[in-house]
Amino acid sequence: MNLLEKLDAAAVARKSLLPNGVGAFGIPIEEVFSATEARIGDRRVLLLGTNNYLGLTFAPECIRAAHEAIDKEGTGTTGSRMANGSYFGHRALEREFAEFYQCSSGIVFTTGYQANLGTISGLVGPGDTVLIDGDSHASIYDGCILSGADIIRFKHNDMVDMEKRLRRLGDRVETTLIIAEGIYSMLGDQAPLAEIVKLKNAYKCILLLDEAHSLGVLGETGQGLVEKTGLLKEVDFITGTFSKSLCSIGGFCVSNHPQLEQLRYISHPYIFTASPSPATIASTRAALVLLSKGSDLRKQLWANCTQLYSQLKETGYLLGPDPGPVIAAVLDTPQQALQLWQSLLEHNIYVNLILPPAAPEGKSLVRCSVNAAHTPEQIRYVGDTFAKLHSKI
Amino acid sequence: MTESNYNEIMQLLCDRLSVLTNSDTQITPDMNMISQLSIDSIKLLNLIMEIEDTFDVSIPINALTDIHTVRELADLVHKIKSDS
Ligand SMILES: Cc1ncc(COP(=O)(O)O)c(C=O)c1O
């Protein structure tokens, strides 16, 4: 099979999962009306397939800041910070992230994906080890592969398995990086951070926590799982993204280790890519202020999460173990998931369809993400529709 | 690690693969696990987890990219066990 034939074979496999040309992936969104509504084809749909957890995509403060930045500094930086320089906004946002996490250093990356790639490949290399959760996001896997370190997985959130693997490493623990996520993106469950920290300290490793989905969602000021658990000082490196609660695009890493700064000179995903545009940085700075003061938004978000999680559970759906803004119905087959996804769309509800191998353990997921801007009525409509469709799966 | 340990690893692999493939095919060391034995990636990962526990080792997933045959897997487990 030549290279193009291999792609054809992959297309055939994909089409066999998605009959009738259903475009469940990369669905065309024609118009966006608000943080909760958009138009898909002729339908005005409720958006439950975004990561817009605080509902800030149309926050006037962020839009204004982005407009002003474009007017003042133009549409793009046209190059990497190493070669083309760091704008005031890049440096200011790095300081603001460091302050937000009470850390000494912060680095901004062009995407959250690159934040993980750049941080992981900067911290470990060939001969070192990364110990990662089996359900880790692709950006973590790819960062590990880029690094050339040995990649050892522990069973998802299983601390007995993690300890076993730490013990087996022997002296190699000294050059081992443990990686976990605040909230896991598929099932919405949280890492057992207290136990991870206990093991990390016992074996004297370095710990990186990706707060991509937990930033803005957990903790009084929205720092994430580190704040909810009071373990901020125990985590060596925190990465995260601007693309979810902060409603723009970009990523960051913060740390109290001064060595973080060295990444600017060795990390390819930081160096060999253009820096975030002025508008992106400006709206993110404004969103970070709203996020840190957003305890009312978090209260609203959690009220919505709890309402939908309990309604789906009562209806009989198998869900992830923790209620939260990511609520995934676990289904046995791709066909069941596709049918539910399609029926929801026919009821004007847009959610995410996740098929193997992206979903854990060969299962398929219909994944909802709830946000603070959803009204109680919208959430109730979604819950009632899921209930109506349950018997048809 | 001794030769008898190596044989033990090979024996266990062949036994488990023969259960997983659910057929009468005689498993031999040079068989390709994916193309000849039709072991899918999830079954292979489960098998690896079982082997890891039996021999008390962790097999890095990046080391698996070069593994195709039963013998290559046995060699890898043996090497990791000998180094530990
Ligand atoms: C856990 C996790 N880390 C990192 C990322 C990457 O973030 P970004 O969208 O900014 O590239 C994502 C987003 O998909 C994620 O879910």
Side-chain angles (χ1 to χ4, degrees), chain A residues 1 9 13 120-121 124-136 138 140-156 158 160-173 175-179 203 205 332 334 355-364, chain B residues 1-2 4-6 8-10 12-13 16-17 19-23 31-69 71-84:
Chain A
M1 226 192 290
I120 296 167
S121 65
V124 291
D128 302 330
T129 307
V130 277
L131 186 57
I132 65 174
D133 188 284
D135 279 6
S136 291
I140 293 175
Y141 275 100
D142 291 354
C144 294
I145 292 168
L146 182 66
S147 76
D150 279 342
I151 308 163
I152 294 174
R153 302 189 314 169
F154 55 92
K155 286 187 203 152
H156 176 55
D158 183 334
V160 173
D161 196 50
M162 180 171 150
E163 162 135 51
K164 192 163 65 185
R165 290 171 191 282
L166 279 167
R167 176 180 53 73
R168 287 173 186 164
L169 280 168
D171 293 344
R172 294 190 62 181
V173 287
T175 51
T176 294
L177 174 69
I178 300 171
I179 306 178
Y203 285 88
C205 302
D332 287 330
L355 302 180
E361 292 174 11
K363 301 283 187 185
S364 295
Chain B
M1 232 193 145
T2 62
S4 66
N5 291 128
Y6 183 83
E8 200 188 321
I9 294 168
M10 182 62 91
L12 179 90
L13 273 177
R16 294 300 303 138
L17 284 166
V19 174
L20 283 174
T21 48
N22 211 1
S23 78
M31 276 181 164
N32 184 310
M33 289 180 285
I34 310 268
S35 64
Q36 283 177 286
L37 295 174
S38 305
I39 300 285
D40 65 31
S41 57
I42 292 181
K43 275 191 192 154
L44 188 60
L45 284 178
N46 287 340
L47 169 66
I48 289 193
M49 247 187 268
E50 206 183 314
I51 293 169
E52 288 181 320
D53 281 347
T54 308
F55 296 102
D56 200 26
V57 292
S58 288
I59 303 176
I61 54 173
N62 46 309
L64 291 172
T65 45
D66 296 330
I67 303 299
H68 306 285
T69 65
R71 190 192 305 282
E72 285 165 350
L73 183 55
D75 288 349
L76 176 67
V77 176
H78 186 244
K79 180 175 180 314
I80 293 172
K81 184 76 194 160
S82 309
D83 290 348
S84 66

Original post:
Does any heavy atom of chain B fall under 4.5 Å from the side chain of A:Arg167, the backbone, both, or neither of them?
Top reply: side chain

Subject >> Derivation and outcome, side-chain contact (heavy atoms from CB on, under 4.5 Å), residues B:Glu52 and A:Lys164 >> reply: CA-CA 10 Å; B:Glu52 288 181 320; A:Lys164 192 163 65 185; over 6 Å; no

**OP:** Find the distance between OG1 (B:Thr65) and CD1 (A:Ile145) and round it off to the nearest 0.5 Å.
**Re:** 9.0 Å

Original post:
Roughly how far, to the nearest 0.5 Å, is CG of A:Asp161 from OG of B:Ser58?
Top reply: 8.0 Å

Original post:
Closest approach of A:Arg168 and B:Asp56, non-hydrogen atoms and distance?
Top reply: NE-OD1, 2.9 Å

Original post:
Looking at CG of B:Asn62 and CD1 of A:Ile152, how far apart are the two atoms once the value is rounded to the nearest 0.5 Å?
Top reply: 8.5 Å

Subject >> Value rounded to 0.5 Å, distance of CZ in A:Arg165 from CD1 in B:Ile59 >> reply: 9.0 Å

Original post:
Checking heavy atoms, do the side chain of B:Asp53, its backbone, both or neither come under 4.5 Å from chain A?
Top reply: both

